[in-house]
Structure formats: C-alpha cells, structure tokens
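What follows is a single structure, written as structure tokens, with notes after it.
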Number of protein chains: 2
Amino acid sequence: MPVEPNYFQQYQHADIEELADVIGELLQNPITVEDADHKLIAYSSHGESTDEARWSTIMGRRVPEKVLTRLWKDGVFQELLTQDDPVHIPAKDEIGLGKRVAIAIRRGSDVLGYIWAQEVNRPITRDDDEILRQAARVAVSRLIQRQGKRKAEEQRRKEFLWELLLGNHSSEAAIRQKADILQMQLPTSYLICIIEAAGARLDQYLYPLLMRDKLLWVVDGSQIILLIGLSDAKKGKSDVLIRKVEQFLSDSLGKLEAHVTEGRQVIAGYGRDYKSYTDIVKSYREALHALKIKKLFPQENEGVHGYHELGIYRYLLQLKQWEEEQGYQNERLEKLRQYDRENQTTLLTTLETFLDAAGKVNKTAERLHIHINTLSYRLRRIEEIMRVDLDNMNQRAALYLELKIAKLDGEQ
Amino acid sequence: MPVEPNYFQQYQHADIEELADVIGELLQNPITVEDADHKLIAYSSHGESTDEARWSTIMGRRVPEKVLTRLWKDGVFQELLTQDDPVHIPAKDEIGLGKRVAIAIRRGSDVLGYIWAQEVNRPITRDDDEILRQAARVAVSRLIQRQGKRKAEEQRRKEFLWELLLGNHSSEAAIRQKADILQMQLPTSYLICIIEAAGARLDQYLYPLLMRDKLLWVVDGSQIILLIGLSDAKKGKSDVLIRKVEQFLSDSLGKLEAHVTEGRQVIAGYGRDYKSYTDIVKSYREALHALKIKKLFPQENEGVHGYHELGIYRYLLQLKQWEEEQGYQNERLEKLRQYDRENQTTLLTTLETFLDAAGKVNKTAERLHIHINTLSYRLRRIEEIMRVDLDNMNQRAALYLELKIAKLDGEQ
DNA sequence: AGTTTGTTTGTGAATTTTCACAAATGGAAA
DNA sequence: TTTCCATTTGTGAAAATTCACAAACAAACT
C-alpha cells in the first residue's frame, strides 16, 4: 500500500480562505466551502470559469434553494451525510449545476460543512479523493469554532420559538425585532405542525428533512414542534402552504414509520395558517388539539392532520365539557343501548355506520355485511325506539354529534 | 215590565248550605254550588234522585275531570264565563251528566264560582232564570271570603313556584315539606313550559285552559311560565307527559293566535322532564333556551317546542361563543360568500337548502325551483370552491353547523 | 307443542340518484 | 362582432333507493 503524501502539511494553521485556494490549486479546479446550513464560508479565488450554481452561491452567500432541493431529491445529501468519502456528482443542467465532487466535513457523526470542487478545468478522478479527504480533515478545526457559534445561535432561536409558542410576546413589532437580532427571516405566512412518536429520536430521524426545508423546530418530550412557513405571500396562500405541510408530513411520516417500533404510533397534526406572529400560540394550540383528537378518534381521522379538516371533531371536547357542566345525559342513545343489551341487537353500531356513511344505505349495508332490507328494517326500528326522524338533517346531525361525544366516555 | 219578586229577601245572611237548599226548593230540583276551581262548596240536601255527575262531584268534593274536560270542549264554560245569564245544558249521557242549568257567580269580571241546578224533578224554564240570577248575586258575598283565602293561597303558591324556578331550595325534602304546607300535590314527573306573546294578556286568554288542567303558573312580563306534570308515574312516563304538553300547547297556541295582534308572534318552548324538584331550574332554563332558539331560527324550528327536539340548535349559542373566544372565523364559508358576491350566484343558499334537505337532491332542486342537473353542477362547484367533500358526513355535519352558526351573526 | 314476536332475507316495481355527454344561454373579454 | 367561460337545461342509461309484501328463522312465552 503506497503511503499517501500529506498534502496539507504546511497548511495546518492556514485560514479557511487560504485552504480553499490550496485545494483549488491541487485539484486545478474552483473550490467552495460551505457550512452545514449551506452558507458560504470560503471559495478559491482563481475564478476563471465556473457554472451558474457556484456563481449564485457566491453572490448570495448561500447555495440557492432550487439547487439544494434538487440535490436532496436526488439523494446527494443523503450520501454525503452518511459516508466519509467524496461523492461524484454528474452535471444537472436544468439547475445550472456543472459536474463536481463534494465531501462532508465531519467530526464524529456531526456534519460541520462541505467542500465542493467543480470539475471544469480538468477531470477529478478517484486519485484525487485522498486530497479531498485530507482537506476535509484539515477544515474541521476551522469549522468547529463556527459550529460552536452556530449551535449557540440555534439554541437562542429555539428559545425564541418557545417564547412564540407560549405567547410570551404580545407585540408583533417586538417579535420582528427579536427575529432580526437572531438573524432569522420569518416567513410571511406560517403554521405550527407537531409530530409525535413515542420512543423515537424524532430530531435524529427527521434531521435531513428538517435541514432540507430549513425549518425552525424544537423537541418537547416525544413531540417535535415545527414552524413551517412560506416567505412569498402568494395569492392562493393558504393552499400552497398546506400542500407544503402535507408534503412534508408524507415524507416524514413515511420515514418515521419505518424506524418506529411496531405497534407504536406516529401521529401528526397542524394548526391553521396565520400571518401575524402573535397568533403563533393559536396555531400551536390548534395543532395540539388536532393531535388530541387524532388520538381519541384514530380511525375517524385517518389521513387528517390539519385542524381545519377536523370538522365536527373540532367541537367535541368543548361540547362534552359543556354537557357535563349542564348535567345533561343523553336519553335517546341510552334507550338504544339498553335495547341492544336486552335484545342482543347491534342497533347502535348500525346507526353509527349509517351516519358515518352519510346516510347511504348501500355503503352502510356493505360495511355491516347485511342485506339492504335488513338495514332498512333496523333503521325503522331505530327511528321507533329513539323517536327520531333520520330524514331530518337537524336530528341526523345532532345524533351524529351525540354519538361521537358519547364515544369520548368510552361508553361506546 | 212586571216587578220580579225578591226570592231571597229573607236569606240575605243565610249560610251557603242553607242557600243551596232554598234554591233547590224554589226550583224543586237538586242544586250544587262550586267555586271557580270546581271544588264543591255546597249542595241541596233533598237528594232523592240525581245523576252520576252530581253524585261523583259530591263524593269527590270536586267535579270529575272528565266532566270538566267535556264541558270545556263543548264550550259550556266559555259561555258561563262570558255571560251573566244561566246556561241551559242538554244531557250528556256518555259522561253521566243529566240535563241541567248553570250560572256563574261573578263579581265584576271575576268568576267566583257556579250554581248548578239539575233538571230532574221538573223542567227548568226561562221563567226560572231570574231565580238563578238572584241566587248568584246572593252567593257572591258568601264566596268572596273563600275567594280571598284562595287568592292569598294562590299567591303563596306562585311565590313558591318562583322559588323553585330560580333554584332557591337546594333540598328535595324541604321542597316537599313546603308543598305540603301549601297543600299542593306535586306531580311525580314534571317539566316547565313557557308561552310568550308580546302584548297579550296571556293569563286571561289561557285562563280556561289553565283551570281545566289545574296547572301551576306564573306570569313574567310577556311570558307565562307553567309547571306541567303527571301524577301517576307510568311506564312510558316521558312520552305521556310530552304528549300532554303538546296537546296543551296546540290548544293554547290556537286560542292565542286568534287573539294576538296580526304579525305579533306567539311562541312556546318547554324543558325536559324531571322527577326531582331541585331540577326545576334546569327545566326552566331549558325552556328559556328553547324559546331563545325559536326566536333566532323560526323557520328551522317551526313546530318544535321541546328542548329535547332542538337537535344541533341546542349547541349553537354555546359554539358561537366558543368560536368568538377563540377568534375563529370561518374561511370556507367566507370564500363561498365572496364567490356569490363576485359572480351573482346563490351557492350559499343552494348549499344550505341541500343540507337542510339532508342531502336529497330531489327535494333540494324542488325547493330551489331549479333543474336537478343544475343542482348537481352547483354542488360540484361548491365542493371545488370550498374544498369540501359533501359525501363525507363529518364535513357535511360540520358545514351544517358552521352555516347555522354563521346565521346567528345575521351575516347570512 | 304451538304461538307469538322480532329479526333477516328475498322479490319486484316505482322512484330517485348518479353520471356522461350535449346543447342552449348570457355576460364579459378580445 | 366573435370568442370564451360559467351556468343552465336536456337526454339517456346504469345504479341506488324506497316501498310493499312474503317467506324463513330463532328465541321467548303459553
């Protein structure tokens, strides 16, 4: 095994800009160094020829969003995050990205940043990999300091998010000021999303996704609380944001369910979207409410995450509490339950299925595996026993509510 | 004009029993004197021959219920109450009532009682009317004393009812004790019913009915509050009581609507039935709630009086208040309203009609006077604009609630 | 054992719903 | 003016619903 030369012997203490130049000279190609958040740290100065992606990165002091999105989608970052060796990336003309090689700068399992070498003057071969490996090692100490700052900053941001979630700030102006101080650009439209998975290291599994979408988040016990927003206030605002959240959830839930212990459930809920940052408390409470409801009515709200989709379930807890305060007890339902007990029938289930099926006899009979005439007989019976008129929307809706409220007591 | 003799000259100070005997002798027929509540006061003692009605009255110290009901139904009391002359009543064999003549004992417009002369030994002719007229006049002073007592007693009973309505008594035992003192027999199962008619003398118009059903009642502004009960605890308790109330309401509302100024509304509501008298507050509040809802949603609750029939309307006020506390505003409905405004359409009305018709397209199209395909097109449009699925019961019920809640704001 | 009662399933016909497709209408934009 | 678009109405066929009526069945009662 040939002993590789130590390319950076004399640059152990060089500053990061100088390092970029040295790598650039060794590879005879333009170099870019970024931190974990894809912010530009340094770049080689022989800027003869380059591609649009690098140019944009330098001008914007950060890798353009569309490039990042594409690279996440193509799995490039996933590779970079999981292996120590350089990754060779083919050109992606649609996003102005020329052929290049990249390597993660890492300490232990933490990724501190990346070195990018554009392949423009000469091809970069497997022989050059060692140069990049060594460069990444040398860069570590340079980034650790940054990393320290970044961590502290992130910590402050998370504390800020908590303050917002708990409604500590009452003035919109104060919030914007503090965000400025923390160098955060708050989205113009946002909402709060919560994912809960008992016994899973949520932040760990979701890290790639969180990074990809630049989300602000905090972990609270078995929940991870996310602030998801849109910066450009488009016309169809609400819809776009909600599509983004649903996309994010479908990505994350898929990922999490693979990791979580069998039987353990992963659930997610999100609040409504707001523009004012004093309303963040609302969105958070709504997300919590959605989560609560999803635990109480898992089947009924399968595939539903948004508070705005809860329908009547949004009211249930409130109504139940009210009924209890009033000492109200539902005689009609009790009558039916009693009939079921005394006659070994299942009229209550029949009624619930019928209501759930929005009054479609066909669907109901199918779900209950009974003849349609049996169903019609049972429904007539139910109307007699409870003295209700199932053709009357008021009564039907009221029954539906009462039934679901009753389920809250576990009376079933 | 011949001067009529003064038949009772020498009996001006006779006691009421003696008076009955004197009238009996003058008419040569059995006489009964009752107070306004049809309780027996006196009867002539020559009890040779009589009919079942009189016999039962004497034995029970009160006119039997079935006789009273029949006489009210036949309009006999209505006649007695409105005229000074004796009323000649044909025999009503089904209730054991022989032919007789009656006259009201009145002071001014107040009816203090009645004198009944059964027509058994000899016919009573128009010539005898003057005897009865004079007898009634003489009886007045005898009854006034009674009347005074009765009024005071009634006053105390009304105060007691108010105490019950306001929940001043917390112990069931205390209530029963007080009822005993006031010589009231509380029904075992009861409810509170309220009738409201602005600008009508409720107690006056309803007096016959109130008397007929021996109800306990108080007047509060334009409302009359009634305690309606059943003494014998039957099996189908609730149903029987409710039928009784509905019967009473159909009687009274019919009567009132004839009297009330055109355009003025007469509305009625009643609470649920209870057994414990500490729950009277509940039934009263429920009746008030029903009344309130009927004012807010007159069409929707046409023909509905009972709190138990309110369906979702029972929840609306509470939910509205909650929504306001939460600062929730319904975007979906607003979207549809906006669409209607911008395009001169009536999708909101279409939606409401559809929901009110419990999703029956046929009925909906008919009510809206549109082609069924027009309806189906509009519904598709509504689903697109609001992003709802009208086949989903949760969403349908939620929409229904939201729609009715929105109507509370008069946004329409 | 026979009878009653409540429940389930079957048959058949009238009616309603659903869906796809086409034509007519009327207002707004080009 | 034409063209486009949303809306309304029409036609027709398949599917679903409603209703009346009857047969089969099991459990409870006499």
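A, B, ... follow the sequence lines: proteins, then strands. Residue 1 opens every chain. Since the model is a prediction, treat every value here as computed from it, not as a measurement.
With D:dT9, C:dG10, D:dT17 as the candidates, the nucleotide lying closest to the side chain of B:N373 is D:dT9. For B:H371, taking side-chain heavy atoms from C-beta onward, the closest of the listed nucleotides C:dT18, C:dG6, D:dT11 is D:dT11. Nearest nucleotide to the A:K360 side chain, out of C:dT7, C:dT18, C:dT17: C:dT18. The A:R381 side chain lies nearest to C:dT7 when the options are C:dT7, D:dT7, D:dT8. Among the nucleotides C:dT8, D:dA16, C:dT7, the one closest to the side chain of A:T345 is C:dT7. Side-chain proximity of A:V361 to D:dT18, D:dT8, C:dT8: nearest is D:dT18.
Judged by distance alone, the side chains of A:Q247 and A:D251 do bring a donor and an acceptor atom under 3.5 Å apart. Side chains of A:E334 and A:Q338: no donor on one and acceptor on the other come within 3.5 Å.
Cation-pi check for A:R396 over B:Y400 is not met; the charged atom does not lie both under 6.0 angstrom from the ring centroid and within 45 degrees of its normal.
Per the geometry, CD1 belonging to A:I372 stands 12 Å off P belonging to C:dT9, to the nearest Å. Rounded to an integer number of Å, the gap from CG of A:N343 to C1' of C:dT5 is 11 Å. Rounded to a whole Å, the CD atom of A:E366 is 14 Å from the P atom of D:dA15. One interatomic measurement links the two molecules: CG of B:D340 to P of D:dT7, which rounds to 10 Å at whole-angstrom precision. Atom CG in A:L379 sits roughly 11 Å away from atom P in C:dT8 (whole-Å rounding). Rounded to an integer number of Å, the gap from CD of B:E342 to C1' of C:dG27 is 16 Å. If you measure from atom CD1 of A:I382 to atom P of C:dG6, you get 16 Å, rounded to the nearest angstrom. In this structure, the CG atom of A:L368 is 11 Å from the P atom of C:dT8, given to the nearest Å.
Map A:L347 and B:D391 each onto its nearest nucleotide of DNA chain C; the residue landing nearer the 5' end is A:L347. Residue whose closest nucleotide on DNA chain D sits further toward the 5' end, between B:H369 and A:Q344: B:H369. Both B:G359 and A:T346 sit near DNA chain C, but only A:T346 has its closest nucleotide nearer the 5' end.
For the OP1/OP2 pair of D:dT17 and a distance below 4.0 Å, the side-chain nitrogens and oxygens of A:N362 include at least one atom meeting the criterion. Distances shown here put every side-chain N or O of A:R378 at or beyond 4.0 Å from the OP1 or OP2 atom of C:dT7. The phosphate of C:dT7 has OP1 or OP2 within less than 4.0 Å of a side-chain N or O from A:Y377. In this model, the phosphate group of C:dT7 is approached by a side-chain N or O of A:Y339 to a distance below 4.0 Å at OP1 or OP2. Listed pair B:T374 / D:dT9 meets the phosphate criterion, a side-chain N or O lying under 4.0 Å from OP1 or OP2.
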**Study point:** Worked verdict on B:Y377 versus B:R381 for side chain to side chain contact (heavy atoms under 4.5 Å, CB included)
**Key:** CA-CA 6 Å; B:Y377 170 76; B:R381 234 39 213 83; 3.6 Å; yes
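Atom CD of A:E325 has more than 12 neighbouring heavy atoms from other residues, nucleotides or ligands inside a 6.0 Å radius.
Judged by distance alone, with hydrogens and angles left aside, the side-chain atoms of A:N394 form a donor-acceptor pair with the main-chain N or O of B:L310 at under 3.5 Å.
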